[in-house]
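One structure below.
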Amino acid sequence: METGGTSSSGEGFLSRMALNDNKAGMEGLDRDKINKIIMKSSKGSRFYENEMKKEQQVNQRIERMMLQKSHITEQQLSKAQTQVEKMTFDLDRVRDLSRVIVHVDMDAFYAAVETRDCPDLKDKPMAVGSMSMLTTSNYHARKFGVRAAMPGFIAKKLCPNLVIVPTNFDKYREVSAEIREIFADYDPHFLPMSLDEAYLDISEHLEQRRGWPEVLPCNTFAMGLLLVILLGIAPNMMLAKVCSDKNKPNGQYRLPSNRQAVMVFIQDLPVRKVSGIGKVTEKMLGALGITSCVHLGQEMALLALLFSETSWHHFLDISLGLGSTHIERDGERKSMSTERTFGEMSALEEQFSLCRQLCQDLAQDLQKEALKGKTVTLKLKNVNFEVKTRAWTLPCAVATTDELFAVAKDLLKTEIDNVSPQPLRLRLMGNLNLPSLTGLNGVYRWKKILTITFHICCIY
DNA sequence: ATACATACC
DNA sequence: TACTGGTATGTAT
């Protein structure tokens with residue numbers, strides 16, 4: 001069932017372009033056939049060329065790492081080993097198995113909501129998004145290799161009958177608010193990660209019902225049409241997240257709160273399944289022969305010598321099945337940004353006017369939360385998909401359109417001057433402001449629109 | 001602090 | 001024809 005990612009061997013195509021079948025609903029697909037279509041649609045494009053460049057950079061990074069590895073002595077390794085063992089011992093000693101953390105994930109959320117509103121879609125391959133980009137796909141579509149973060153025009157080649165529905169964020173927000181009310185019944189301090197995902201700590205909830213059969217929201221929420229909720233239940237957030245993905249497309253999975261069960265669960269878990277390990281880290285670890293979490297534990301001394309402290313500590317936690325045991329809503333936000341993609345833009349007036357518009361949009365967003373920021377970052381992406389960021393930090397925090405534009409236009413001007421007399425051939429501009437100062441969290445107030453009923457069932 | 005990369009949804 | 005947008009954080013300088 002596991003592929004451990006997309007780079008099973010040295011095929012002649014880019015691992016970063018190939019189908020990412022890491023997510024559920026993509027098992028047993030004809031990956032070769034799908035990848036051929038993806039490659040055919042992409043090859044030669046500017047996007048593809050840029051991806052190729054990025055992949056070369058990753059390869060170089062791996063080469064540097066392997067060179068570094070070749071210089072490691074037995075002595076260094078055994079010293080690191082001692083350090084790792086001590087740390088492992090300490091971590092294990094304070095392991096907290098007392099909490100019951102739930103990761104909730106609404107399966108193919110946007111697609112499910114759209115299907116509720118248009119039941120005809122139920123039996124058709126469909127995706128939400130546009131010809132440029134898809135955000136979700138239903139299970140029929142996944143069978144063709146169609147998935148989130150894939151451009152619609154490629155998805156159409158994989159599945160000519162694919163129905164693409166435009167996104168309706170307001171609608172998803174409404175449904176999300178409904179679901180969140182239920183989450184709050186189980187944990188008033190639940191942590192929303194996005195419209196369709198959240199972490200809950202149900203330890204208290206269970207404690208209050210001691211002696212009762214253990215109950216949790218089951219996987220089926222009836223809302224005009226079925227909305228499937230996936231639950232992962234485990235002693236910490238990292239494991240809960242992995243668990244919620246375990247029984248897709250319909251189910252819940254509970255990992256018991258004992259060390260033995262956790263360690264068995266971790267053994268064969270591909271590193272890519274862990275949140276925070278993406279395709280680059282997967283590839284780097286793969287170069288060291290590490291594909292599953294056991295390997296991670298076995299090679300920890302080596303990892304301690306090759307990676308930064310934060311990285312290998314993270315790896316160590318993963319290899320021991322450790323994760324955060326108390327969920328906390330994020331404090332104040334750390335940044336706010338806005339960016340836009342468009343057809344090639346080379347005219348100066350247009351570029352400056354867009355820059356001003358972005359500053360205005362950002363100023364508006366900042367105002368909504370009564371925030372100001374000190375660092376203004378200009379982000380540019382040219383028609384070859386190359387990204388540049390240029391930042392300037394001010395002595396005082398700013399928030400208005402004019403204040404932002406005063407900085408952003410200089411940053412933009414500098415970049416234009418740098419390439420002149422050639423024009424900047426842009427496809428994206430963005431404007432990022434890193435706030436400090438005043439933070440006010442908005443209060444959610446949503447009307448109840450749907451009736452939600454849900455099953456109660458035992459989780460054992 | 002700045003630039004760029006990675007990751008998540 | 002067509003490959004997102006918002007936020008956080010890691011890596012490197």
Side-chain angles (χ1 to χ4, degrees), chain A residues 16-17 20 22-23 38 41-43 45-51 53-55 57-58 60-61 64-65 103 105-106 108-110 128-136 147-157 164 166-167 169 172 176 192-198 241 245 272 274-284 306-315 330-344 358 361-362 365 373-381 383-395 411 415 427-435:
Chain A
R16 52 191 309 132
M17 293 290 299
N20 178 348
N22 183 41
K23 285 290 170 230
I38 294 177
S41 318
S42 307
K43 215 155 194 168
S45 69
R46 290 170 158 153
F47 179 83
Y48 176 91
E49 294 300 322
N50 188 251
E51 287 300 299
K53 212 176 85 187
K54 287 200 272 184
E55 177 142 35
Q57 280 166 12
V58 171
Q60 280 168 19
R61 213 172 134 187
R64 281 201 303 276
M65 178 181 73
H103 179 253
D105 185 356
M106 298 189 244
F109 181 49
Y110 299 171
V128 178
S130 68
M131 282 301 253
S132 299
M133 189 48 62
L134 303 179
T135 59
T136 337
R147 56 158 299 145
M150 176 181 278
F153 71 92
I154 290 181
K156 275 280 196 184
K157 294 199 171 133
I164 298 180
T167 44
F169 275 106
Y172 314 143
S176 179
M193 298 303 290
S194 63
L195 290 181
D196 72 321
E197 230 182 89
K241 174 91 166 92
D245 191 58
R272 185 67 172 86
V274 179
S275 178
I277 301 206
K279 51 180 145 196
V280 173
T281 312
E282 178 193 32
K283 193 170 176 181
M284 299 222 291
L306 293 177
F307 288 80
S308 71
E309 189 164 89
T310 30
S311 288
W312 79 260
H313 282 185
H314 183 220
F315 293 150
D330 295 335
E332 83 250 41
R333 66 154 71 239
K334 297 181 178 67
S335 71
M336 186 180 276
S337 69
T338 178
E339 67 184 53
R340 215 158 297 154
T341 296
F342 36 78
E344 175 167 354
L358 287 165
D361 293 352
L362 185 60
D365 291 346
K374 292 211 298 186
T375 304
V376 178
T377 305
L378 176 73
K379 176 175 169 181
L380 303 173
K381 190 188 279 182
V383 291
N384 293 319
F385 290 84
E386 292 161 336
V387 176
K388 254 185 205 170
T389 58
R390 293 292 177 262
W392 188 257
T393 300
L394 299 156
L411 293 169
E415 288 317 300
R427 81 180 324 273
L428 172 147
M429 192 183 297
N431 192 323
L432 179 81
N433 192 308
L434 309 178

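Letters A, B, ... are given to chains in the order of the sequence lines, protein chains preceding strands, and every chain is numbered from 1. Side chains included, hydrogens not; waters and symmetry mates left out as well; all remaining heavy atoms used.
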Name the closest nucleotide to the [X] side chain, picking from [options].
| X | options | value |
| --- | --- | --- |
| R340(A) | dA3(B), dT6(B), dG5(C) | dG5(C) |
| T375(A) | dC8(B), dT2(B), dC4(B) | dT2(B) |
| S337(A) | dG6(C), dT2(B), dC3(C) | dG6(C) |
| S194(A) | dC9(B), dT4(C), dA7(B) | dC9(B) |
| S275(A) | dC8(B), dA2(C), dC9(B) | dC8(B) |
| A149(A) | dT4(C), dG6(C), dC4(B) | dT4(C) |
| A391(A) | dA7(B), dC9(B), dT2(B) | dT2(B) |
| R272(A) | dC4(B), dA2(C), dC8(B) | dC8(B) |
| T341(A) | dC3(C), dG5(C), dT6(B) | dG5(C) |
| T393(A) | dA1(B), dC3(C), dC9(B) | dA1(B) |

Original post:
Say you draw a straight line from OG1 of T341(A) to CG of L428(A); how long is it, rounded to the nearest 0.5 Å?
Top reply: 4.0 Å

Can you measure [X] atom [atom1] to [N] atom [atom2] for me and round it to whole angstrom units?
| X | N | atom1 | atom2 | answer |
| --- | --- | --- | --- | --- |
| E197(A) | dC8(B) | CD | C1' | 9 Å |
| L434(A) | dG6(C) | CG | P | 15 Å |
| M131(A) | dT4(C) | CE | P | 15 Å |
| K381(A) | dG5(C) | NZ | P | 8 Å |
| L362(A) | dG5(C) | CG | C1' | 13 Å |
| F153(A) | dA2(C) | CZ | C1' | 5 Å |
| Q60(A) | dA5(B) | CD | C1' | 14 Å |
| K53(A) | dC3(C) | NZ | C1' | 16 Å |

Original post:
How do M193(A) and K54(A) order along DNA chain B: which one's closest nucleotide is nearer the 5' end?
Top reply: K54(A)

Base, sugar-phosphate, or nothing for [X], non-hydrogen atoms under 4.0 angstrom?
| X | result |
| --- | --- |
| S130(A) | nothing |
| K388(A) | sugar-phosphate |
| L195(A) | nothing |
| L428(A) | sugar-phosphate |
| E51(A) | nothing |
| K241(A) | sugar-phosphate |

Report yes if at least one side-chain N or O of [X] is closer than 4.0 Å to OP1 or OP2 of [N]; otherwise report no.
| X | N | answer |
| --- | --- | --- |
| K379(A) | dA5(B) | no |
| T281(A) | dA7(B) | yes |
| R390(A) | dC4(B) | yes |
| S132(A) | dT1(C) | no |

**OP:** Would you check if P435(A) and S335(A) make a side-chain contact, meaning some heavy-atom pair closer than 4.5 Å?
**Re:** yes

Original post:
Closest nucleotide of DNA chain C for E339(A) versus for F47(A): which of these residues is on the 5' side?
Top reply: F47(A)

**OP:** Could you pick out which residue, S42(A) or L432(A), lies toward the 5' side of DNA chain C when each is mapped onto its nearest nucleotide?
**Re:** S42(A)

Subject >> Contact summary for I154(A) and S41(A), nearest pair of heavy atoms >> reply: CG1-CB, 3.7 Å

Original post:
How close do N20(A) and R147(A) get, heavy atom to heavy atom, and via which atoms?
Top reply: O-NH1, 2.7 Å

Original post:
Are the side chain of T167(A) and the backbone N or O of F169(A) linked by a donor-acceptor pair below 3.5 Å?
Top reply: no

Subject >> Gap in Å between the two P atoms, one belonging to dA5(B) and one to dT4(C), rounded >> reply: 16 Å

**OP:** Report yes if a donor N or O on one partner sits less than 3.5 Å from an acceptor N or O on the other, where the partners are the side chain of S45(A) and the base of dC3(C); otherwise report no.
**Re:** no

Subject >> From CA spacing to verdict: salt bridge (Lys or Arg N to Asp or Glu O under 4.0 Å), E49(A), R46(A) >> reply: CA-CA 5 Å; E49(A) 294 300 322; R46(A) 290 170 158 153; over 6 Å; no

**OP:** Can you sort out the partners of F315(A) under ring pair (Phe, Tyr, Trp, His ring centres under 6.0 Å), two or more places apart, ordered by chain and number?
**Re:** F307(A)

Original post:
Going through the distances and angles, do M429(A) and L378(A) end up as a side-chain contact (heavy atoms from CB on, under 4.5 Å)?
Top reply: CA-CA 7 Å; M429(A) 192 183 297; L378(A) 176 73; 4.0 Å; yes

Subject >> Sequence-distant partners of E386(A), salt bridge (charged side-chain N to carboxylate O under 4.0 Å, His left out), two or more places apart >> reply: K53(A)

Original post:
Does the salt bridge (Lys or Arg N to Asp or Glu O under 4.0 Å) test come out yes or no for D105(A) and K241(A), once each step is laid out?
Top reply: CA-CA 9 Å; D105(A) 185 356; K241(A) 174 91 166 92; 5.4 Å; no

Subject >> Contact state string [nucleotides 8-13 of chain C, B base, S sugar-phosphate only, - no protein heavy atom under 4.0 Å] >> reply: SSSS--

